[in-house]
Number of protein chains: 2
Amino acid sequence: MRKGEETRTRILDVAEAAVLQKGFGGTSIEELIAETGITKSGFFYHFRDKNELAKALLNRYIENDERIYDEIFSRARELMDDPLQSFLLGLKLLSELLSDLPNGHPGCLVATVCYYERLFDREIQEANKNAVLAWRRRFGGMFEEIMAVYTPREPLDVDQLADMVSTVIEGGIVLSRALKEPNSLSEQILVLRTFVKLLFQPRASDLNGVRH
Amino acid sequence: MRKGEETRTRILDVAEAAVLQKGFGGTSIEELIAETGITKSGFFYHFRDKNELAKALLNRYIENDERIYDEIFSRARELMDDPLQSFLLGLKLLSELLSDLPNGHPGCLVATVCYYERLFDREIQEANKNAVLAWRRRFGGMFEEIMAVYTPREPLDVDQLADMVSTVIEGGIVLSRALKEPNSLSEQILVLRTFVKLLFQPRASDLNGVRH
DNA sequence: GCGAAAACTGTACCGACGGTGCAGGAGGGC
DNA sequence: GCCCTCCTGCACCGTCGGTACAGTTTTCGC
């Protein structure tokens with residue numbers, strides 16, 4: 001019971017690192033068992049096949065991802081009352097968190113899965129889709145709060161704006177890896193932050209009678 | 001001579017489609033030769049190993065990619081004299097081109113390679129990096145032209161701004177695929193377009209004495 | 001139309017890998 | 001002492017990437 005969970009976690013740790021570096025197809029079960037010091041039979045005791053390993057890997061990754069976003073943006077919410085300022089701070093905190101990682105972001109399993117789609121069953125693809133939809137809901141909710149207070153300078157769809165956050169993170173990871181510049185991702189998030197700031201900056205005409 | 005090139009191209013076509021759906025590791029040589037109607041020996045006549053196939057695949061993809069950007073942005077330059085308007089039109093044209101693809105963007109090999117890095121040799125990783133650097137130079141040049149005429153509302157590094165275009169495209173592809181919403185990518189490009197428009201919109205204070 | 005090079009085919013083989021099946025054993029909890 | 005969880009060991013299968021190499025057809029230059 002306790003021991004089993006521990007071994008399972010160890011396999012998942014090793015597998016996650018390997019998959020993010022070489023993809024699912026490039027990661028062999030034999031290399032995983034060699035590194036975890038388990039036998040092949042032991043591996044198949046925990047996971048029926050590679051597909052089930054992928055499923056467990058993805059679900060764990062998504063959970064962890066959600067936890068990190070929860071922490072960052074609830075912390076930002078505590079520090080700032082205004083929804084826009086809070087969101088901008090959240091992006092700043094996220095950017096700092098990422099630039100503190102010595103080797104950069106290890107890679108996103110959601111992206112890995114979507115470049116592998118045909119190899120996995122529908123369940124995995126659904127979980128992947130739902131993860132992205134959860135991001136959309138998360139950031140979309142924040143933008144709705146912002147829009148209740150601020151008028152955007154240009155009309156933009158809330159879902160598309162929310163997706164922009166996910167887009168920049170996923171795209172930033174790709175660029176960081178391709179360029180081998182770990183800081184690119186956090187820089188791109190800060191560029192997005194500037195864009196969002198600009199979008200909700202009050203117009204001169206909205207400041208009628210206001211002194212600052 | 002002529003025939004050889006044709007077969008080679010056919011292999012690359014089949015391989016590209018397969019790799020973009022299943023990744024390099026998930027694509028078997030045996031399935032490629034089955035679909036192209038060639039023998040295994042025939043395959044290895046054209047490509048020494050899988051790594052060389054990947055190299056040829058990536059180089060061809062990058063060349064094609066560059067050609068498409070050349071066409072779109074030189075066409076936009078012909079239609080608009082102002083560098084900002086020309087760039088905004090280019091993004092619009094790119095967005096339209098992508099939304100016209102019935103199944104959405106087939107996926108980016110540069111992203112596929114960067115999620116596979118450890119399996120390939122340095123030459124491929126270098127080619128991948130150079131492709132992203134070429135994008136940076138391309139869009140960076142455009143932003144420099146724009147900044148010679150317009151003052152950005154917020155100070156932004158030209159390289160980082162240029163990378164933002166690549167970031168949105170790469171991230172947009174990931175989201176499109178994960179969500180199975182082919183239009184997401186072109187929508188995200190239009191959101192970026194709005195951001196760029198906002199960034200270079202003249203301030204009220206810059207319009208002193210100007211009537212419009 | 002001939003010769004040489006280019007573009008293959010066929011066959012046999014290798015080690016690594018994903019996966020199956022099953023028998024058995026160590027260790028802890030009741 | 002028994003059962004259940006958590007493994008190990010072993011034998012085996014088909015697929016895959018890759019090698020080696022001999023032989024054959026196709027194509028092109030002259």
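All values below come from the heavy atoms of this structure, side chains included, with hydrogens, waters and symmetry mates left out. This is a predicted model, so every value here is computed, not measured. Chain A is the first sequence line, chain B the second, and so forth, proteins listed ahead of strands; every chain is numbered from 1.
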Mind telling me whether A:F139 and A:Y69 have parallel, tilted or perpendicular rings, with 30° and 60° as the class edges?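 Plane angle over 60°, so perpendicular.
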Send over the distance from [X] [atom1] to [N] [atom2], rounded to a whole Å.
X: B:R48; N: D:dA20; atom1: CZ; atom2: P; answer: 12 Å
X: B:K50; N: C:dA16; atom1: NZ; atom2: P; answer: 17 Å
X: A:F24; N: C:dC17; atom1: CZ; atom2: C1'; answer: 17 Å
X: A:E6; N: D:dC7; atom1: CD; atom2: C1'; answer: 13 Å
X: A:F44; N: D:dC10; atom1: CZ; atom2: P; answer: 18 Å
X: B:F43; N: C:dC8; atom1: CZ; atom2: P; answer: 13 Å

Under a 4.0 Å heavy-atom cutoff, the residues of residues 27-40 of chain B touching DNA chain D are B:T27, B:S28, B:I29, B:E30, B:K40
Are there more than 12 heavy atoms of other residues, nucleotides or ligands under 6.0 Å from atom CG of B:D81? no
Over 12 non-hydrogen atoms of neighbours within 6.0 angstrom of CD in B:E123: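 No.
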Heavy atoms only: give me the nearest A:A76-A:S86 pair and the separation to one decimal.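 Closest approach of A:A76 to A:S86: CB-O, 3.4 Å.
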Under 6.0 Å between the ring centres of A:F87 and A:F200? no
Do the side-chain N or O atoms of A:H46 get closer than 4.0 angstrom to the phosphate oxygens (OP1, OP2) of D:dC6? no
Side-chain N or O of A:Y45 closer than 4.0 Å to phosphate OP1/OP2 of D:dC6: yes
Mapping B:G42 and A:N51 onto DNA chain C by nearest heavy atom, which one lands closer to the 5' end? B:G42
With sequence neighbours left out, write down each residue that passes side-chain contact (heavy atoms from CB on, under 4.5 Å) with B:D157, or none if nothing qualifies.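 With sequence neighbours excluded, B:D157 shows a side-chain contact (heavy atoms from CB on, under 4.5 Å) to B:D159, B:Q160, given in chain and number order.
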Could one point to a donor on the side chain of A:S41 or the base of C:dC22 with an acceptor on the other under 3.5 Å away? no
